[in-house]
Amino acid sequence: MEKPKFYITTSIAYTSQVPHIGNTYEAILADCIARWKRLTGYDVFFLTGTDEHGEKIQKQAAAEGCTPQEHVDRVSGELRRIWDRCNVSYDGFIRTTDEKHVEAVKGIFRRLYEQGDIYKSEYVGNYCTPCESFFTDSQLVNGCCPDCGRPVEKASESAYFFRLSKYADRLLALFEENPDFVQPVERRNEMINNFIKPGLKDFCVSRSSITWGVPVDFDPGNVIYVWIDALSNYITALDYTVGAKGELYSKYWPADVHIIGKDILRFHTIYWPAMLMALGEPLPKKVFGHPWLLIGGEKMSKSKKNVIYADQLINWFGVDAVRYYVLSEMPFAADGTLTYELLAEKFNGDLANILGNLVNRTVAMTKKYFGGVIPEPGELTDIDRELVCAAEKAVKEVGESMDAYRVADASDAIFALFRRSNKYIDETTPWILAKSEEGKNRLKTVIYNLLESIRIGAVLLSPFMPETSEKIFAQLGTDRTDMESLESFGALAAGAVVGEPVPLFARLDTAAVLAAIDEENEKETRPEVPEIGAEITIDDFAGMDLRAAKVLECEPVKKSDKLLKLVVDIGLEKRQVVSGIAKWYKPEDLIGKTVVLVANLKPAKLRGVESQGMILAVDNSADDVRVVFLPDGIWPGSKIR
């Protein structure tokens, strides 16, 4: 009998930088679902990959002194290494610089243009470089990008547009007739109420101001914008081209589920379906917008210095512990949180105490009391039946939760079985049963039930912690690792010999581990200290007049994203000073503060604005500048020496 098909994708990661643990969570989540589907008899195709075009990458490559292709080759290779280290079992890995993808995207763009779904016009709007998105004035939030909160730039250029407005009615019908198309339901409601019902506007699908992208082959000087380029990967990876659908496409499309971050839901549930409608292709069956993994309650950001990478966590806790944490601690709809302390607590509590201790002492008791041979069970008592019911309940609940993508709930159900098994040991007291011949007969049933419960739990756990499950199977001496073996309690073969009782997870000294992590992070983030400059004399220093200056006014310099114009009081007079600190400070951060001013510096003009002095600041790192603030109570004009 032919297996049912299941096609699952992650979003393709943008190659601007190496992915952090929040990005990696998505790949681990999709991997867990893909492994579950394989375990339950599906023919799975699991796609992931990298999005490699755009202005941000072009700028980063220039800053690094390399070509865009060299930059994306490095980042894409690093991402793939991380996915592999996290045991992400992808079947396909696409890069948007792949030749077959580039040619397919050209054909898709041409087809949409020829049939009138794409047209050329002039774009005037607000552009966010990190998000690679244009926004109208009404869409901005406090003058900034509504998606990421960063500043935008006014942009005007000739561009092609996709007629999204043409598909508004069909998109609304899609949402209303398929209530499960977007999960969780909260995300579905956001798309309907915030985007579709207020009215869909045509969106920009080309750029003429950049060169790093798929070229519009019939209009040189234009490159195809991210949404047609990146979103098309889900079908081009299956060898789709206009007019020649590949074998993989015919076999696996439409996708059963796109696993994506909630921040890009609009593009996957509105833009992408509209593009497929225009192409006359089937739509994906479901889009799951997972929540964010926050660090101590905050979104990860380099500026906040709270970015954590998968490599760091794996080095300290191991790959399966990291997989287990992110899968078990991320709610279905709400954001999850991660700290080193919470991970260490989860490691010791769930993995070392509950799971590791259960497996270790059960296998050790099998060795001690039965020479390592799995005993034949006898008649069941009520306590035994309770354990059997717990195992059967776990199988049912895990199946229901995984099919609904409630992965954390499935994890809870598995560990509920392990907890019940530990309780069963306390209830049956094997060490007492072993003291009498009558008790020894009863002990056979107890040990068998424990080993079988562990085996069932390990099968269910295998999509979450594949390496750990394999170690458990080896200790149990069993090859019954399939879902069919879970149809009834008792598939473990009596008479087989267990392996050695090797501890799965050694309990951590939390305080020591956290101290070591802090030390390592400090070393990694501490910038290289520059060499001391040429020697000066006391007379050289005395020639510099440093004064306390209170900031009275502050505002951005027009047409500059780096400069702030300040008016400061230096006691004798008010001065106007221009400082390149706009990246790190807002005007309200400075007004009322007292700073150090080089007061006898020759005036200069910056962007046409006169600056009468210089404010002192510290280069804390390459991208972290701190203004030197003086304590409250220092009078303006006080001399610093």
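Numbering of residues begins at 1 and proceeds along the displayed sequence.
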Check whether the side chains of [X] and [Y] place a donor and an acceptor atom closer than 3.5 Å, and report yes or no.
| X | Y | answer |
| --- | --- | --- |
| Tyr252 | Asp43 | yes |
| Arg420 | Ser453 | no |
| Tyr14 | Asn23 | no |
| Ser11 | Glu26 | yes |
| Ser76 | Thr15 | no |
| Thr236 | Asn233 | no |

Would you please classify the geometry between the [Y] ring and the [X] ring as parallel, tilted or perpendicular, with 30° and 60° separating the classes?
| X | Y | value |
| --- | --- | --- |
| His290 | Tyr25 | perpendicular |
| Tyr249 | Tyr240 | tilted |
| Phe415 | Tyr324 | tilted |
| Phe347 | Phe505 | perpendicular |

Checklist entry - side-chain contact (heavy atoms from CB on, under 4.5 Å) between Ile57 and His71: does it pass, once the steps are laid out? => result CA-CA 8 Å; Ile57 288 171; His71 171 84; 3.8 Å; yes
Please determine if [X] and [Y] form a salt bridge, counting it only when a charged side-chain N lies under 4.0 Å from a carboxylate O.
| X | Y | value |
| --- | --- | --- |
| Asp91 | Arg38 | yes |
| Glu500 | Lys367 | yes |
| Arg163 | Asp117 | no |
| Arg111 | Glu114 | no |
| Asp412 | Arg406 | no |
| Arg188 | Asp180 | no |

Is the shortest heavy-atom distance from the side chain of [X] to the side chain of [Y] under 4.5 Å?
| X | Y | answer |
| --- | --- | --- |
| Asn360 | Leu504 | no |
| Pro291 | Arg187 | yes |
| Tyr325 | Asp350 | no |
| Val359 | Lys471 | no |
| Phe109 | Lys106 | no |
| Met330 | Leu29 | no |
| Leu355 | Ile472 | yes |
| Trp292 | Asp263 | yes |

Item to check | side-chain hydrogen bond (donor to acceptor under 3.5 Å, both in side chains), paired with Tyr90, selected from Asp84, Asp31, Thr10 | outcome: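 It is Asp84; the other options fail the test.
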Under 3.5 Å, is there a donor-acceptor pair between the side chain of [X] and the main chain of [Y]?
| X | Y | answer |
| --- | --- | --- |
| Glu452 | Gly490 | yes |
| Thr96 | Ala230 | no |
| Trp253 | Pro282 | yes |
| Tyr7 | Pro284 | no |
| Ser411 | Val407 | no |
| Gln69 | Thr97 | no |

Roughly how far, to the nearest 0.5 Å, is the [atom2] atom of [Y] from the [atom1] atom of [X]?
| X | Y | atom1 | atom2 | answer |
| --- | --- | --- | --- | --- |
| Leu338 | Ile308 | CG | CD1 | 5.0 Å |
| Asp482 | Leu39 | CG | CG | 8.0 Å |
| Leu171 | Phe181 | CG | CZ | 8.5 Å |

Next on the checklist: On a heavy-atom basis, which atom in Ala310 and which in Ile82 lie closest, and how many Å separate them?
Outcome noted: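 Closest pair (atom of Ala310, atom of Ile82, distance): CB-CG2, 4.1 Å.
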Are there more than 12 heavy atoms of other residues, nucleotides or ligands under 6.0 Å from atom [atom1] of [X]?
| X | atom1 | answer |
| --- | --- | --- |
| Tyr42 | OH | no |
| Lys5 | NZ | yes |
| Tyr113 | OH | no |

Checklist entry - Checking side-chain contact (heavy atoms from CB on, under 4.5 Å) for the pair Phe175/Thr269: CA distance, chi angles, key distance, verdict? => result CA-CA 9 Å; Phe175 278 73; Thr269 61; 3.8 Å; yes
Checklist entry - Of the options Lys37, Lys286, Lys285, which is the one that meets Asp256 in a salt bridge (charged side-chain N to carboxylate O under 4.0 Å, His left out)? => result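 Going through the options one by one, the only one that passes is Lys285.
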Checklist entry - Which one of Lys100, Lys251, Lys245 satisfies the salt bridge (charged side-chain N to carboxylate O under 4.0 Å, His left out) criterion with Asp239? => result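 Per the salt bridge (charged side-chain N to carboxylate O under 4.0 Å, His left out) rule, the option paired with Asp239 is Lys100, out of Lys100, Lys251, Lys245.
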Item to check | Residue pair Asp229, His101: steps toward the side-chain contact (heavy atoms from CB on, under 4.5 Å) verdict | outcome: CA-CA 8 Å; Asp229 178 11; His101 173 80; 2.8 Å; yes
Checklist entry - Taking His258 as the fixed residue, which of Tyr234, Phe46, Phe288 is the one that meets the ring-ring contact (aromatic ring centres under 6.0 Å, His included) rule? => result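 Among Tyr234, Phe46, Phe288, the one that satisfies the ring-ring contact (aromatic ring centres under 6.0 Å, His included) with His258 is Tyr234.
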Item to check | Candidate pair Glu78 and Arg74, rule salt bridge (Lys or Arg N to Asp or Glu O under 4.0 Å), full reasoning | outcome: CA-CA 6 Å; Glu78 184 67 3; Arg74 177 183 64 80; over 6 Å; no
Next on the checklist: If you apply the rule side-chain contact (heavy atoms from CB on, under 4.5 Å), what do you find for Met402 with Phe464, and how did you get there?
Outcome noted: CA-CA 11 Å; Met402 290 300 294; Phe464 295 78; 3.8 Å; yes
